[in-house]
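Scroll down for the structure; my scribbles are underneath it.
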Amino acid sequence: KFQLFNALSNLRGRLNALRNRKPSAPELPALAADKKMRILVVEDNHDSAQSLRTLLELCGYSVTVAYSSREGLEAAQRTRPHVILCDIGLPDSDGYALAAALRSNPATARARLIAVTAYGGEQDKKRSREAGFQLHLVKPVKPENLLQELDEPAKGESGR
């Protein structure tokens, strides 16, 4: 009986403390979610694609994901992204061919193309530039580096 009385008394005390406390200041959001940029992620690895989508959406970007070159081309025509993050090794084609198709289509030609790939040799970087990529990032890409690149204006040269 005595233990029950103490427990109820303790609970009443905590409830009163909660009712009588000053309201806390509202928290500021950790990340600004007011970006208007549309990003298309073309990546055949579903886990990588979803991780990238989550990161970018938490940072306020509008994100569409495609898992093949064909899906990427269709999504780009439908959503008109500002930036396309594209893997080079895709199941139905490759990122080079997709970049060339995107560049040749007036609806998608102005999108900023960024290769995000495990292909990191000098020949790979040269091929990505020739295909129309403005930037070549080699996996694994640090999230802070990718976000910094997205916040910067497009550059003419790639090679990272």
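Put simply, the side chain of S62 never gets that close to the backbone of R38: no donor and acceptor are under 3.5 Å apart. At distances below 3.5 Å, at least one donor-acceptor pair connects side-chain atoms of Q134 with backbone N or O atoms of L113. Looking at D87, its side chain never comes within 3.5 Å of a backbone N or O of L90 through a donor-acceptor pair.
Contact between V138 and A118 at its shortest, heavy atoms only, is CG1-O, 4.3 Å. The shortest non-hydrogen separation linking C86 to F133 is CB-CE2, 3.8 Å. Closest non-hydrogen pair, L40 versus G72, comes out as CD2-O, 3.4 Å. Shown here for K139 and V116, the closest heavy-atom pair between the two residues is CE-O, 3.3 Å.
The SG atom of C59 sits 11.5 Å away from the CE atom of M37 when rounded to the nearest 0.5 Å. Note: D92 CG to D44 CG = 9.0 Å, rounded to the nearest 0.5 Å. Atom CG of L52 sits about 10.0 Å away from atom CD of E57, to the nearest 0.5 Å. Rounding to the nearest 0.5 Å gives a distance of 8.0 Å between CG of L137 and CG of L85. Atom OG of S128 sits about 8.5 Å away from atom CG of L135, to the nearest 0.5 Å.
For the pair L98/S93, no side-chain contact is recorded, criterion being any heavy-atom separation below 4.5 Å from C-beta on.
The list of side-chain hydrogen bond (donor to acceptor under 3.5 Å, both in side chains) pairs with a residue in residues 63-72, not counting sequence neighbours, reads Q50-Y67, R70-E74.
The one candidate from V83, V41, L56 that meets the side chain to side chain contact (heavy atoms under 4.5 Å, CB included) condition with Y61 is L56.
Ion pair K126/E130 flagged as a salt bridge, since at least one NZ, NE, NH1 or NH2 atom sits closer than 4.0 Å to an Asp/Glu carboxylate oxygen.
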